[in-house]
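Excluded from the calculations below are hydrogen atoms, water molecules and symmetry mates; all remaining heavy atoms, backbone and side chain alike, are included. Residues take their numbers from the sequence shown, with the count starting at 1. These numbers come from a predicted model, not from an experiment.
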Amino acid sequence: SPNAPPRAGIYMKNADGTGAEERLLADENHVHLGSWSSDGKWLLYSEIHPETNEDLWVLNVPERKAQPFLRTPFNELQASFSPDARWIAYTSDESGRAEVYVQSFQGPGGKWQISTDGGAQPLWSRDGREIFYRDGDKVLAVAVQPPPAFAASKPRLLFEGRYVPGSNHTYYDASPDGRGFVFLRAVERESAPIRQIHVALNWFEELRRRAPVGNK
């Protein structure tokens with residue numbers, strides 16, 4: 001019915017707000033959406049499970065079927081498809097701290113650690129030649145060798161800035177040409193001046209005492 005409570009899961013709706021929402025997947029666990037493959041067939045997301053922590057899943061959108069990509073005792077999150085959907089970059093704490101990794105999506109392939117001193121929120125450039133990621137206030141980039149092989153350079157620092165750190169999501173994006181970025185920044189508003197309200201009691205008696213009125 002129209003008044004029924006929303007059911008847990010992953011939903012899809014037109015970006016312009018038209019049309020009804022469509023539930024792609026029923027899932028009672030806590031879900032964080034990742035990225036779409038370039039052909040719109042696959043949707044990456046992470047799911048928090050009480051036994052295996054946060055795991056990575058992929059949803060076949062046309063078939064409405066989900067399958068695990070990484071299920072380990074560690075936390076895997078913030079996954080991002082490469083532009084050709086051959087590789088998936090993600091964050092994992094398997095080493096004891098958050099680091100960025102790349103693993104092949106379908107077919108043969110290996111696994112590579114991209115960050116070297118901590119990292120999170122990986123993001124591919126639009127041409128697939130770079131992977132950006134964050135390490136605290138730092139934004140770093142790694143050059144990627146084009147397919148069919150995979151190889152990554154040492155990370156290089158792009159810039160630093162105090163932006164919203166984020167948690168399970170990737171809180172920034174790169175422009176199509178890779179020369180600009182969009183971040184969320186917390187607004188530090190100046191505190192409003194403190195205004196005190198004074199309440200005067202029995203002010204008629206005080207007025208008579210200060211300015212007595214003589215008899216006419």
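- With sequence neighbours excluded, the residues that form a salt bridge (charged side-chain N to carboxylate O under 4.0 Å, His left out) with R64 are E22.
- Among residues two or more places apart in sequence or in another chain, the salt bridge (charged side-chain N to carboxylate O under 4.0 Å, His left out) test is passed with K65 by none.
- Residue V182 belongs to no hydrophobic cluster, having no ILVMFWY side-chain heavy atom closer than 4.5 Å to its own.
- Every residue was checked against the ring-ring contact (aromatic ring centres under 6.0 Å, His included) condition with F74, not counting sequence neighbours, and none meets it.
- For D117, the salt bridge (charged side-chain N to carboxylate O under 4.0 Å, His left out) partners two or more places apart in sequence, or in a different chain, are R97.
- Under the 4.5 Å side-chain heavy-atom criterion for Ile, Leu, Val, Met, Phe, Trp and Tyr, I48 and L56 are members of distinct hydrophobic clusters.
- In this view, T170 satisfies the side chain to side chain donor-acceptor pair (under 3.5 Å) rule with no residue, not counting sequence neighbours.
- Residue L140 is grouped with residue I131 when hydrophobic side chains (ILVMFWY) are merged at heavy-atom distances under 4.5 angstrom, including chains of intermediate members.
- Each salt bridge (Lys or Arg N to Asp or Glu O under 4.0 Å) pair with one or both residues in residues 131-145, not counting sequence neighbours, would appear here, but there are none.
- Applying the ring-ring contact (aromatic ring centres under 6.0 Å, His included) rule to Y90 yields the partners Y101; only residues at least two apart in sequence or on another chain are considered.
- Among residues two or more places apart in sequence or in another chain, the salt bridge (charged side-chain N to carboxylate O under 4.0 Å, His left out) test is passed with R156 by E130.
- Between Y163 and F159, the two ring planes are perpendicular [angle over 60°; tilted spans 30° to 60°].
- Partners of H49 by ring-ring contact (aromatic ring centres under 6.0 Å, His included), not counting sequence neighbours: none found.
- Among residues two or more places apart in sequence or in another chain, the side chain to side chain donor-acceptor pair (under 3.5 Å) test is passed with T72 by E76.
- Residues meeting the ring-ring contact (aromatic ring centres under 6.0 Å, His included) test with W42, sequence neighbours left out: F105.
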Item to check | ring pair (Phe, Tyr, Trp, His ring centres under 6.0 Å) evaluation trace for W87 with F150 | outcome: CA-CA 9 Å; W87 317 97; F150 182 90; 5.1 Å; yes

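- The backbone N or O of Q121 sits less than 3.5 Å from a side-chain atom of T91, completing a donor-acceptor pair.
- Closest approach of S80 and S35 over heavy atoms only: CA-OG, 3.5 Å.
- Counted by atom type alone, H30 and E54 present zero donor-acceptor pairs between their side chains at under 3.5 Å.
- Relative orientation of the F183 and Y172 rings is parallel, given thresholds of 30° and 60° on the angle between their planes.
- Inter-residue side-chain proximity for R23 and I10 is flagged as unmet; no heavy-atom pair is nearer than 4.5 Å.
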Item to check | Test log, rule side chain to side chain contact (heavy atoms under 4.5 Å, CB included), inputs L25 and Y45 | outcome: CA-CA 11 Å; L25 180 71; Y45 66 96; 3.1 Å; yes

